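Along the sequence shown, the residues carry numbers beginning at 1. Keep in mind the model is a prediction, meaning the values are calculated, not measured.
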Amino acid sequence: MTAVRRAWWWVGALMGDHDYARYVALQRQLNPGHPVMTEREYWCQRYAASDADPEARCC
């Protein structure tokens, strides 16, 4: 069962599922007390940046 969980975690990491949690942790470490973007705001900004610079992505 743990092999399935590890595989599922790896697929999630590959797809970016853990990116928002890492963003929040980093922001709280670097800027304690400052507001953090909501998950919706984070993804909207990330997709907007990706659309603005299509050469930065692989596909």
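Cluster membership for Y47 and M37, using ILVMFWY side-chain heavy atoms within less than 4.5 angstrom, is shared. When the side chains of ILVMFWY residues are joined at heavy-atom separations under 4.5 Å, either directly or via intervening members, W43 and Y23 end up in a single hydrophobic cluster.
In Q45, the CD atom is not crowded: 12 or fewer heavy atoms of neighbouring residues, nucleotides or ligands sit closer than 6.0 Å.
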Inset, instruction - Begin with the C-alpha distance, continue with both residues' side-chain angles, and end with the deciding distance and a verdict on side chain to side chain contact (heavy atoms under 4.5 Å, CB included) for V24 and Q27. - result: CA-CA 5 Å; V24 171; Q27 290 304 311; 5.9 Å; no
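Residues Y42 and V36 fail the side-chain proximity criterion, which asks for heavy atoms closer than 4.5 Å.
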